[in-house]
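Chain letters run A, B, ... following the sequence lines, proteins first, then strands; residues in each count from 1. Values below: every heavy atom of this structure, side chains too, minus hydrogens, waters and symmetry copies.
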2 protein chains.
Amino acid sequence: MSTHAGQAPADPAGRTDPVSPVSMSLAADPSSPAQPPAAVPAATAARLPHYLRALSDFGATVNSQDLATAAGVDAATLRRDLSRLGSYGIRGVGYDTAVLSAEISRALGAELDHRVALFGLGNLGRALAGYAGFAGRGFALVALFDVDPTVIGAALPTAAGPLQVHHTRDAATVIAAERVTIGMIAAPDGDAQSIADLLISAGIKSVLSFTSGRLDVPADVHVRQIDVGLEMQMLAFHQAHLLTPADPAEPTPQQQQRRSG
Amino acid sequence: MSTHAGQAPADPAGRTDPVSPVSMSLAADPSSPAQPPAAVPAATAARLPHYLRALSDFGATVNSQDLATAAGVDAATLRRDLSRLGSYGIRGVGYDTAVLSAEISRALGAELDHRVALFGLGNLGRALAGYAGFAGRGFALVALFDVDPTVIGAALPTAAGPLQVHHTRDAATVIAAERVTIGMIAAPDGDAQSIADLLISAGIKSVLSFTSGRLDVPADVHVRQIDVGLEMQMLAFHQAHLLTPADPAEPTPQQQQRRSG
DNA sequence: GGTTGTGAATACCTTCACAGCT
DNA sequence: AGCTGTGAAGGTATTCACAACC
């Protein structure tokens with residue numbers, strides 16, 4: 001995902017993609033009378049993590065222009081996005097990075113201490129287990145599952161220390177005991193749906209899957225999929241049509257200018 | 001990314017996010033007089049890979065409703081998307097899966113035989129090297145790079161056979177010799193920009209990075225980023241605001257109905 | 001003077017609904 | 001009868017531009 005002329009970056013969704021249309025708020029409850037707390041549009045929500053990361057590149061304060069550039073979006077878009085979380089900017093000055101970080105983190109639910117279970121310990125699964133980025137962003141990897149008898153029971157190294165591998169069939173018990181809130185699926189494509197079913201019946205509402213097919217889940221379960229092949233196809237698309245690089249919504253704001261080519 | 005009430009799936013861009021706004025076509029060449037071949041909007045482009053994958057679930061023909069459901073989008077959206085590639089449907093019948101696959105593949109540039117170089121052979125890099133999905137989708141992994149002297153020169157197993165590891169500093173030469181067209185970065189965050197610089201000077205226009213920070217590249221270079229931590233933050237957001245699951249553009253169309261909760 | 005927050009304008013995407021083809 | 005392709009409508013998101021404020 002890049003943008004046009006080397007200036008305004010557009011999207012996020014990018015990954016892959018472009019755009020996700022559905023906003024996310026008022027729809028659910030027909031009984032709420034007045035106005036719901038506010039409702040952050042999906043497009044904005046997708047950019048918040050980018051802002052949070054970009055914030056770490058700055059000192060005590062930032063103005064919208066600089067932060068937007070670092071995050072790969074338009075300054076006006078950034079200001080509108082942030083204004084949806086509340087008025088945390090100071091006119092004539094900019095944003096206090098500490099305050100803003102805290103507010104974005106709060107909006108992202110960072111204080112909820114999410115506990116993650118990982119299914120599938122092949123190459124990718126092990127790489128994920130070793131990923132150090134979890135703890136730093138408020139996620140704890142607390143359970144590992146696989147169906148291969150040669151790894152079950154073993155203690156696998158993870159970024160936060162070794163963790164014992166359970167059989168997938170015991171997932172319900174372990175998930176309850178470990179108070180898991182997020183499931184990650186790094187198993188073969190063919191096993192994904194049954195793992196998803198299992199997660200659903202265990203009450204998990206958030207799933208991150210690295211598999212390819214579509215997962216069939218109830219409407220209240222949130223699935224995000226990371227598909228390397230799909231991302232590559234998207235790059236191939238842009239390579240094929242050598243057009244002005246456009247950012248497919250994807251969830252990945254991108255680009256700026258710099259060099260000239 | 002899921003959708004609301006358990007019915008129409010929305011987005012794609014998803015991954016990450018919602019939406020990418022920029023379309024992609026006419027902008028580039030001010031010299032073309034009449035109408036450019038057409039121009040596929042970014043939102044549509046992001047969904048094409050999903051259609052392609054969904055197509056493999058069907059027999060000789062499919063109608064828009066079934067294919068849309070399988071791909072996680074609205075039937076009208078699918079029809080409009082496909083109509084942008086040309087008129088490959090048959091009224092009263094549906095789409096011929098073979099014809100449609102071929103057309104989508106062509107639009108995605110599948111016949112271009114993309115050659116991929118991978119930078120960084122840690123856990124993630126090795127997992128990617130072993131990823132079997134490349135060949136099947138028209139990508140060939142042809143070069144491996146790292147800076148660790150203990151792996152350089154070694155032959156690392158990949159899905160398509162062992163490949164020798166080169167030092168990153170020799171990338172320019174190897175990229176030219178192997179006619180690489182796509183670069184994948186699985187190195188530590190701090191090394192990403194210098195690798196990107198190197199790719200750019202070697203003439204690479206498409207980059208898929210698994211790092212976190214923003215990569216600074218010229219406007220004609222297309223970058224897609226896969227950031228696991230960011231995806232997790234997005235899940236956390238939805239978990240925090242237990243709203244109607246909305247699909248963040250992301251580049252990932254999703255969901256349908258099924259069970260009820 | 002500088003910068004935010006936001007009304008208004010614009011662009012884009014999705015969805016409806018149906019004419020037209022098989 | 002069935003289904004695609006698309007005009008038109010509706011909704012959402014981005015961008016401009018400026019008033020309010022520090």
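Atom-to-atom distance recorded for A:Leu48:CG and A:Glu103:CD is 11.5 Å, nearest 0.5 angstrom.
For DNA chain C, the neighbouring residues in residues 87-100 of chain A, judged by any heavy atom under 4.0 Å, are A:Ser87, A:Tyr88, A:Gly89, A:Ile90, A:Arg91, A:Gly92, A:Val93, A:Gly94, A:Tyr95.
With hydrogens and angles disregarded, no donor-acceptor distance shorter than 3.5 Å links the side chain of B:Asp96 to the backbone of B:Thr61. Formation of a donor-acceptor pair under 3.5 Å by the B:Gln193 side chain with backbone atoms of B:Asp216 is found in this model. Although no hydrogens or angles enter the test, the distance criterion places no donor-acceptor pair under 3.5 Å between the side chain of A:Ser101 and the main chain of A:Ala98.
Computed from coordinates, the B:Asp81 CG to C:dT15 C1' distance equals 13 Å when rounded to whole Å. Distance CZ (B:Arg79) to P (C:dC18): 13 Å, rounded to an integer number of Å. The separation between A:Leu82 atom CG and C:dT3 atom P is 16 Å, rounded to whole Å. For the pair B:Leu78 CG and C:dC16 P, the interatomic distance rounds to 15 Å; values are reported in whole Å. Atom CD in B:Gln65 sits roughly 15 Å away from atom P in C:dA17 (whole-Å rounding). Between the P atom of C:dT3 and the CZ atom of A:Phe58 lies a distance of 13 Å, rounded to the nearest Å. Rounded to an integer number of Å, the gap from CG of B:Asp74 to C1' of D:dT12 is 16 Å. To the nearest angstrom, C1' of D:dC3 lies 14 Å from CG of B:Leu67.
At a cut-off of 3.5 angstrom, counting only N and O atoms as typed in the model, there is a donor on one side and an acceptor on the other between the side-chain of A:Arg80 and the base of D:dT15.
Aromatic ring pairs are classed by plane angle as parallel below 30°, tilted from 30° to 60° and perpendicular above 60°; the pair A:Phe134 and A:Tyr131 is perpendicular.
A:Arg79 and A:Asp74 are not joined by a salt bridge, as no carboxylate oxygen comes within less than 4.0 angstrom of a charged side-chain nitrogen.
Of the candidates C:dT15, D:dT14, D:dG5, the closest approach to any side-chain atom of B:Ala76 belongs to C:dT15.
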